[in-house]
Participant: 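Before I ask anything, let me first share the structure, which is written out below as structure tokens.
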Amino acid sequence: MPELPEVETVKEGLNQLVKGSHVNSIDILYPKMINVNPEKLKVTLTNQNIKRIDRRGKYLLFRFSNDMTLVSHLRMEGKYDVEPEGTEPTKHTHVIFHLNDDRELRYKDSRKFGRMYLIKNGDEHTLSGLGTIGPEPTEDDLTFDYMKSIMNKGRGKIKPFLLNQSHIAGLGNIYCDEVLWLSKIHPETITNTISDNQIMELRKNIIEEIKMAIKGHGTTVHSYSNAYGEAGQFQNSLHVYGRAGEPCERCGTNLEKIKVAQRGTTFCPNCQHKVTKNG
DNA sequence: AACGCCTCCTGCACGC
DNA sequence: TGCGTGCAGGAGGCGT
């Protein structure tokens with residue numbers, strides 16, 4: 001499931017492969033995934049250049065030469081491939097951008113969970129998800145004061161709190177479990193009981209983990225690959241995700257898998273505590 | 001306002 | 001073998 005580091009890797013690949021490319025025509029094979037009707041999308045983006053691709057949280061933002069933006073969210077299985085013109089589309093190919101150099105940019109998605117939105121530049125705030133997205137998990141954007149203020153308002157469990165993109169942008173199920181393990185916080189800890197020292201630790205781990213995962217070109221699980229079709233490296237650096245039943249690297253206790261807010265959650269029952277401010 | 005629950009969609013792992 | 005069943009999961013929408 002692509003999270004921020006995977007989407008960043010895809011963005012980098014797309015900028016190298018299709019930045020500056022001219023769109024000759026567009027085929028839309030699965031219209032349901034787009035928030036405007038197919039004709040409108042075709043009319044708007046045909047004969048435009050892809051100026052560049054940006055990223056915000058897990059959203060890709062294709063900037064076109066007519067000041068329009070195609071927002072693309074990969075959700076679970078979405079990916080982009082660049083292939084020679086005329087390659088037979090697989091059954092998971094949903095949108096094809098025909099470029100003017102005998103190549104095609106193809107959106108593929110085996111689960112059809114991904115979504116695209118067409119907006120004017122600057123109208124990002126009008127989209128329900130992107131419009132309310134929280135700060136990027138970086139040293140400059142995710143300040144301690146911000147973390148403290150939102151966490152002190154959180155009455156629910158920390159895991160779903162971190163998955164909520166309006167709090168912090170880009171964390172998904174994998175990196176959530178990882179940063180909670182790194183911070184020794186139980187995933188069911190009530191958010192506003194977490195001490196300032198733990199908030200500081202959690203913030204540090206979120207920023208560091210995302211930075212390292214981007215360096216490793218993301219985590220490869222299931223079908224994820226970047227626009228080159230390459231796999232990421234970071235799955236080799238995961239401590240809990242996908243390791244239920246294996247011993248914790250810190251204390252040797254077998255890692256457990258539970259459900260928290262309908263999400264599979266792996267953690268160490270021994271060294272991840274529901275510590276409160278009062279001890 | 002903040003949170004919980006349901007839905008989308010398909011591939012895959014099961015059990016018989 | 002092949003069928004049916006249940007599960008996974010990000011985020012949007014809705015109810016509380």
Side-chain angles (χ1 to χ4, degrees), chain A residues 1-8 10 28-36 55-61 71-79 89-95 107-119 124-134 136-137 146-180 187-194 210 213 218-225 235 238 240-245 256-267:
Chain A
M1 55 228 68
E3 302 180 29
L4 191 156
E6 293 74 44
V7 179
E8 175 67 19
V10 171
I28 299 168
L29 308 171
Y30 184 65
K32 241 183 119 174
M33 63 170 292
I34 309 172
N35 77 329
V36 294
R55 180 193 58 75
R56 180 74 171 90
K58 304 178 203 170
Y59 293 87
L60 289 166
L61 305 157
V71 179
S72 171
H73 197 298
L74 305 173
R75 294 281 185 96
M76 307 298 301
E77 306 278 342
K79 58 182 172 180
T90 67
K91 67 171 178 171
H92 300 313
T93 304
H94 305 313
V95 182
Y107 179 75
K108 302 177 185 179
D109 189 342
S110 65
R111 290 207 183 153
K112 297 182 175 173
F113 260 29
R115 291 292 179 267
M116 291 183 189
Y117 312 87
L118 183 65
I119 57 167
E124 286 82 353
H125 65 279
T126 63
L127 295 179
S128 58
L130 192 54
T132 57
I133 197 165
E136 294 284 311
Y146 170 81
M147 281 274 288
K148 185 175 167 177
S149 75
I150 59 165
M151 287 180 67
N152 285 343
K153 284 186 279 187
R155 292 180 285 110
K157 296 170 182 175
I158 185 65
K159 167 107 187 230
F161 184 91
L162 292 177
L163 287 173
N164 185 332
Q165 302 297 297
S166 73
H167 296 145
I168 302 169
L171 297 178
N173 210 34
I174 298 173
Y175 296 114
C176 252
D177 283 5
E178 292 298 315
V179 298
L180 289 173
E188 294 179 309
T189 309
I190 301 302
T191 305
N192 64 11
T193 67
I194 295 174
I210 294 296
T219 297
T220 299
V221 289
H222 303 143
S223 64
Y224 162 77
S225 62
Q235 62 277 11
L238 300 179
V240 280
Y241 183 85
R243 294 186 177 233
E256 283 182 14
K257 186 165 183 179
I258 59 171
K259 284 252 186 184
V260 181
Q262 276 96 312
R263 300 278 176 262
T265 301
T266 310
F267 73 108

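Numbers restart at 1 for each chain; the letters A, B, ... are given by sequence-line order, proteins then strands.
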Participant: What is the separation between atom NZ on A:K79 and atom P on C:dG10, rounded to the nearest whole Å?
Facilitator: 18 Å
Participant: Does this structure show an ion pair linking A:R55 with A:E136, if we count only N-O contacts that are shorter than 4.0 Å?
Facilitator: yes
Participant: Which part of the nucleic acid, if any, lies within contact of A:K91, taking any heavy atom under 4.0 Å across all strands shown: a base, the sugar-phosphate backbone alone, or nothing?
Facilitator: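 It contacts sugar-phosphate atoms only.
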Participant: Does A:H167 have a side-chain nitrogen or oxygen under 4.0 Å from the phosphate oxygens OP1 or OP2 of B:dA2?
Facilitator: no
Participant: Side chain of A:Y30, backbone of A:T93: donor and acceptor closer than 3.5 Å?
Facilitator: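 Not a single qualifying donor-acceptor pair exists.
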Participant: Between P on C:dG10 and CD1 on A:I133, what's the gap in Å once rounded to a whole number?
Facilitator: 14 Å
Participant: Is A:E3 touching bases, backbone alone, or none of the nucleic acid, heavy atoms closer than 4.0 Å?
Facilitator: nothing
Participant: Output the rounded distance in Å from CD (A:Q262) to P (B:dT7).
Facilitator: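 Distance check: A:Q262 CD to B:dT7 P gives 11 Å.
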Participant: Hey, is A:E77 close enough to A:K112 for a salt bridge, meaning N to O under 4.0 Å?
Facilitator: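 Answer for the salt bridge query: no.
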Participant: Before giving the answer on side chain to side chain contact (heavy atoms under 4.5 Å, CB included), spell out for A:L4 and A:Y175 the whole-Å C-alpha distance, their side-chain angles and the decisive distance to 0.1 Å.
Facilitator: CA-CA 9 Å; A:L4 191 156; A:Y175 296 114; over 6 Å; no
Participant: For the side chain of A:R263 and the base of C:dG10, is some donor closer than 3.5 Å to an acceptor across the two?
Facilitator: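 Under the 3.5 Å cut-off, the side chain and the base do form a donor-acceptor pair.
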Participant: Measure from the side-chain heavy atoms of A:K58 and tell me the nearest of B:dA2, C:dA11, B:dC9.
Facilitator: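 Nucleotide nearest to A:K58's side chain: C:dA11.
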Participant: Please report the distance, rounded to the nearest Å, between NZ in A:K32 and P in B:dT10.
Facilitator: 8 Å
Participant: Could you tell me whether the phosphate oxygens of B:dC9, OP1 or OP2, come under 4.0 Å of any side-chain nitrogen or oxygen in A:Y30?
Facilitator: yes
Participant: So, A:R243 side chain and A:L238 main chain: donor-acceptor pair closer than 3.5 Å or not?
Facilitator: yes
Participant: Side chain of A:R111 only, heavy atoms from C-beta on: which candidate in C:dG10, C:dG13, C:dG9 is closest?
Facilitator: C:dG9
Participant: Can a side chain N or O of A:S128 be found less than 4.0 Å away from OP1 or OP2 on C:dG13?
Facilitator: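 Yes.
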Participant: At under 4.0 Å between heavy atoms, what does A:F161 touch on the DNA or RNA strands: base, sugar-phosphate, or nothing?
Facilitator: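 Touches nothing.
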Participant: Considering just the side-chain nitrogens and oxygens of A:H73, establish if one lies under 4.0 Å of OP1 or OP2 belonging to C:dA11.
Facilitator: yes
Participant: Let me know the distance between CE of A:M76 and P of B:dC12, rounded to the nearest Å.
Facilitator: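 Distance, rounded to whole Å: 14 Å.
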Participant: Could you give the CG-to-C1' distance, from A:L74 to C:dG9, as a whole number of Å?
Facilitator: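 My rounded result for the distance is 14 Å.
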Participant: By the 4.0 Å heavy-atom rule, please label A:R75 as base, sugar-phosphate, or nothing.
Facilitator: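 Here A:R75 touches the bases of the nucleic acid.
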Participant: Counting any heavy atom closer than 4.0 Å, what does A:G264 reach on the DNA or RNA strands: base, sugar-phosphate only, or nothing?
Facilitator: sugar-phosphate
Participant: I want to check one thing: is the phosphate of C:dA8, taken as OP1 and OP2, less than 4.0 Å away from some side-chain N or O of A:Y241?
Facilitator: no
Participant: So, does A:T191 use its side chain to make a donor-acceptor pair with the main chain of A:M151 at under 3.5 Å?
Facilitator: no
Participant: Considering only B:dG11, C:dA8, B:dC8, which nucleotide approaches the side chain of A:K259 most closely?
Facilitator: C:dA8
Participant: Once you round it to whole Å, what is the distance between P of C:dG10 and CD of A:Q165?
Facilitator: 9 Å
Participant: Can you identify which nucleotide, out of B:dA2, C:dA11, B:dG11, has its nearest atom closest to the A:K153 side chain?
Facilitator: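 Nearest to the side chain of A:K153 among the choices is B:dA2.
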Participant: Under 4.0 Å between a side-chain N or O of A:K112 and OP1 or OP2 of C:dG10?
Facilitator: no
Participant: Quick one: A:L163 CG to C:dG10 P, roughly how many Å, whole number?
Facilitator: 7 Å
